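Step one of this worksheet: look at the structure below.
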Amino acid sequence: VFGAGGGTSSYREAEDADLLVLWGSNAREAHPIFFHHVLKGIRRGARMYAVDPRRTTSAQWADAWLGIHVGSDISLANAIGREIIESGLVNEEFVRRATTGFDAYAASVQPYTLQRAERDTGVPGELIRALAHEYARADRAQICWTLGITEHHNAADNVFSLINLALLTGHVGRYGSGLVPLRGQNNVQGGGDMGAIPNKLTGFQDIETDLAARAAFEAVYGVPLPAKRGWHLSQMFDAMEAGELTACYVIGENPLRSEADTGRAARLLAGLEHLVVQDMFLTDTAEVADVVLPATATWCEAEGTVTSSERRVQRVRKALEPPDGARDDIEIICEIARRLGTDWGHPSAQDVWNELRALSPMHAGMSYQRLEELGGIQWPCPDEQHPGELFLHARLWEEDPARRGPAAPFTPVEQDPPLDELSPEFPVRLTTGRRLDSFNTGVQSGAYTTPIRRPETLNLSPEDAAALRMAEGEIVRVSSRRGSVQAPVHIDDTLRAGLAFMTLHFPEQVATNVLTLDAWDPKSGTAEFKATAIRVDKLGLPAPDAASLSAKAGA
Amino acid sequence: VDLRFGAAVPATEQERAAVAGVLGPAGTGWEGGRRAEADGHAALGGHAARARRHLLLPVLHAVQERIGWISPGALDHIGARLTIPPAEAYGVASFYALFRTSPSPSTVVHVCDDLACRVSGAEATCEQMERRFGAEGGGAGHNGAGLTWQRSPCLGQCERGSAAMVQQAGADPVRLVLAPVDVDQIRPALSPAQQASPASPASPVVPQTAGDRSALRLLRRVGWVDPDSLDSYRAAGGYDMLRRAVAAGPQSVIRELKDAKLLGRGGAAFPISVKWEAVATNPVKPHYVVCNADESEPGTFKDRVLMESDPYALLEALTIMGYACGAEQGYIYIRGEYPLAEARLRHAVAVASARGFLGGDVMGAGFAFNVDIRRGAGAYIAGEETALINSIEGRRAEPRNKPPFPAQSGLFGKPTAINNVETLLCVLEILRIGGPAFAGIGTADSTGTRLFCLSGCVERPGLYEHEFGVTLREVIDAAGGVRDGRPVRAVLLGGAAGVFVGPDALDTPLTFEGVRAIGATLGSGVVLVLDDTVDVTGFLRRIARFFRDESCGQCVPCRVGTVRQEELLGRLVRGTPLGSAERELALLDDISAVARDASICGLGQTAVSAISSAVSLGLISGNDAGGNDAGGNDAGGNGAGGNGRNPI
């Protein structure tokens, strides 16, 4: 958000907000900790809108649910922007002072009337209007989003469309107002902060444009750094396809299962000349690796830090000795460096952290001692007197232009429907997501039992199930343009006709990502997991198979 | 919300209709209506839907009355309509004794076998019921008659026991109290017409009114005004006090209460002016006022008599309370066992609304006040003020931790004043004669008059009003003394949560300070006299069972303590103490101390007091001659206890 690479707001601001817009986020199941803060806000009277194709358990808490068609987010956002402008609800002082490009934006949203948005999204225009007015009029309003926004071929545009709304209304840079992308793992934020982004050095310093920062890193590292950005994940797979990428070092990731179009991912990973996987589990990707480096569990067997979605850096302490053979990530990396001819010695986690602080201004003030004393610090924290920032971009409200800094630009964006188009052959829209009881590909959650976990199912609306004459639990074939899987049907009344839902939690049972499209967003590199065109067929199983299936069901 | 619907059988049309009778027709598919295409793209809910949560009890009552039980399908449907997880709706439904969550015959007879009715032959009634309708809790198969019966805690008919209440589901549901009960009158499929005939005229209930009424203040109109006639009430001076209150202003009303030194009559004896002032001056809006008419203390029936006989007086007093506290909405929470009082109050509210004594502009005086009547569903604990607030909100009637007190955060989290019926009627009297004059009645620390519920072995059971300072002996004598001139063995003061006193306490002045001096309490005004013929052991076991049944189970000292007390009493009665009787008494003291110190509410804090006082009075020493006697009676008592419903 505005080049800051993190959500603007703290969790506790959700408790004090007047309006929360959950957009493409089933936080109740996917971010239950954050949702506790949302619930506190609701108990204090905050109103909530949920924008989601499904009426999720989060949406069931909402004052209003806008059940949009998959991939119609920009049409909705632009119509909201247009309605705000037309109704004279723009925060003109903020727009004048802190933004650029308003006129172009206003012109770009002109075609997005409520009627058009109603046509694109399926949501009644009056409800869109209500959201526009309520968002613009609220004293403190936040838009919170997750993968429903970002797992699209035009992910970045989706995000821009939401940022535009915050700029239009001044819902940013103030306590309780903000733009809040929710992170799916405890340290996704930290990964980005540390530079695990193709074009950023640690602390979001641009590798191509920030020459001073690059020089500083080169001085400390004692080597020249590449002057060009690297590949993101989707590009890496394209590079594998093209034969440009022949060796891969995978740390803590299970791309063979988590990438869209699993068949292709498996083929490309298997075709590498050399694959190294460093993980605490023997994942499916590790199974096909040339070398597997057993790592420690970073939350209990290693020292270090994690960073939460609210930019809070916290200490992690070692509580257990790792099992035999598992080694700390730092130790492994230093050992590889040594074997490659560079001796970095045996730095502790704190040594590494202090080197990072010297190079990343936003982490400079976060000594281990202060992290401990303050119970974590929210970046930026430029020096050891700085308390950290509860929320970002307060500068945009400064009267003094010098302190206000660069203005935030409006970014006009256009509605662009999902690439995997519905057709008579593939008439049903499949969207994917998470469940409360499982996590991603199940590597981390599969080992735990829970009474509420169900195996993978193809969730169908009651209408579709009736039309296709499919019963609860019946095994059916689900096909997309890329492949097909078999899955049992679950009739789910949170879905409307034409919309289906699956998770990716049980790849061994149902490899959902065989179906998904790996078309990715050129600006962010995320793939369009959220919109697949599918067909659902009854299985014309030969009799013996059917018998054994029913025997299984009976057992 | 996590609306997980699990019912195999969806709600029937009848169940849906019963729910719609309270909530209106179901809207979208999300709200339990028919699923339409538009539902796929929009849903409203959230605060607006959750704000109707308080209608959960009325909805459950509607289904119970129509069907006779509340099925999982009905709970699912109710959950969808109110956005309550069905598990939570089940938690509420199963909390209250008058709701049934398993299939049931359409007619259920609740036979009171509680304290006063025990003295009036409740066991004999139960035996008759068993002979006619089979064992308690059975009955489904009785000639296909669709009737079952069960023992019930006090039905508040103590002056004319033994009593029973008939609950009959159907298109024309019946709730009928029979007191005294004639088992031959009971049959399945009663007609609603029988319900219409009121139980009995008021005069025998208030024997005093047969004589000189001039000394009466709270009971003045009982038996003299027509409870269904606003004009009759007005002819007796009704609504003059509201006019006076409006003329004087809210602060003056509260000042009069302060001058009157009025203490609450519900049991806790808290100064009313302090409560009202705290609410009136609280800047948080809106304010609520609540009348606690969930009179469930065994042996208590005073509020029932007032509501049945003088309903407009309660409405007038509550309106004054709303005016003084700055509330525009009042609630009367009345126990589900008082159908007649509820019917009369509902009628009074309708008439008062139609005649401008309630509504947007009360009496043209420029303030708004409305009253909602909420029916309890069989839970003694709901009489605790914060439990009652939870119950109005549609929750299990579990008490809240205090602070915050209701004056800070009560109903719907807003400042709330809550008083019982008798206290509110005192307010009318204070405005009539002025605070200082009221303070001149009674003693310095106990001002005004007090209602006493006389039951048990007295010549003329009923409701009596006396000035504070009257002695226990005088109160009993006014009721004609002990039946058949027998000696007093013990008197239970204040109900099951009160204490037993012996004959040596008969000259105690019945004031707050007077009874406190002998370690007793006035509680809710119960004076239950036991002579030497009463089965004291069975009586005590009923008290122990009562608390075990009625503990809401929320906090450990009470949930476990009440069970331990019942077990301990059983051992003492059987003459098989753990160690010695002394050791058992020390254990009882321990239970008592822990419950007193650590229970969330008064139920736990007082659950041990009656048994403990009975032990100190020697009412259950297992070894003496009385012990033999008790042992003999115990066989019967034990059988009764064994057949009793066991909700744990």
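Labels below follow one simple rule: chain letters A, B, ... track the order of the sequence lines, proteins then strands, and each chain is numbered from 1. For clarity, every value in this text was computed on a predicted model and none was experimentally measured.
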Q) Heavy-atom distance under 4.5 Å between the side chains of Arg35(B) and Glu463(A), does that happen here? A)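 Yes. Closest side-chain heavy atoms under 4.5 Å.
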
Around atom [atom1] of [X], are there more than 12 heavy atoms of other residues, nucleotides or ligands at under 6.0 Å?
{"X": "Glu472(A)", "atom1": "CD", "result": "yes"}
{"X": "Arg12(A)", "atom1": "CZ", "result": "no"}
{"X": "Tyr90(B)", "atom1": "OH", "result": "no"}

Q: With rounding to the nearest 0.5 Å, note down the distance linking CZ in Arg55(A) to NE2 in His41(B).
A: 14.5 Å

**Q.** Under 4.5 Å from any heavy atom of chain A - which part of Ala42(B)
**A.** both

(Q) Which one wins on heavy-atom pair count under 4.5 Å against chain B: Gly122(A), Ala64(A), Ala62(A), Ala50(A)? (A)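 Among Gly122(A), Ala64(A), Ala62(A), Ala50(A), the one with the most close pairs to chain B is Gly122(A).
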
(Q) Out of Ser461(A), Ser58(A), Pro462(A), return the one with the most heavy atom pairs under 4.5 angstrom to chain B. (A)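 Highest number of heavy-atom pairs under 4.5 Å: Pro462(A).
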
Proximal component of [X], with respect to chain B [non-hydrogen, under 4.5 Å]:
{"X": "Leu495(A)", "result": "backbone"}
{"X": "Ala46(A)", "result": "backbone"}
{"X": "Arg54(A)", "result": "neither"}

Q) In terms of heavy-atom pairs under 4.5 Å with chain A, which of Ala49(B), Gly40(B), Ala48(B) leads? A)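 Of Ala49(B), Gly40(B), Ala48(B), Gly40(B) has the most heavy-atom pairs under 4.5 Å with chain A.
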
**Q.** Residues Trp30(B), Gln60(A); criterion side chain to side chain contact (heavy atoms under 4.5 Å, CB included); working and verdict
**A.** CA-CA 9 Å; Trp30(B) 303 116; Gln60(A) 288 173 12; 6.0 Å; no

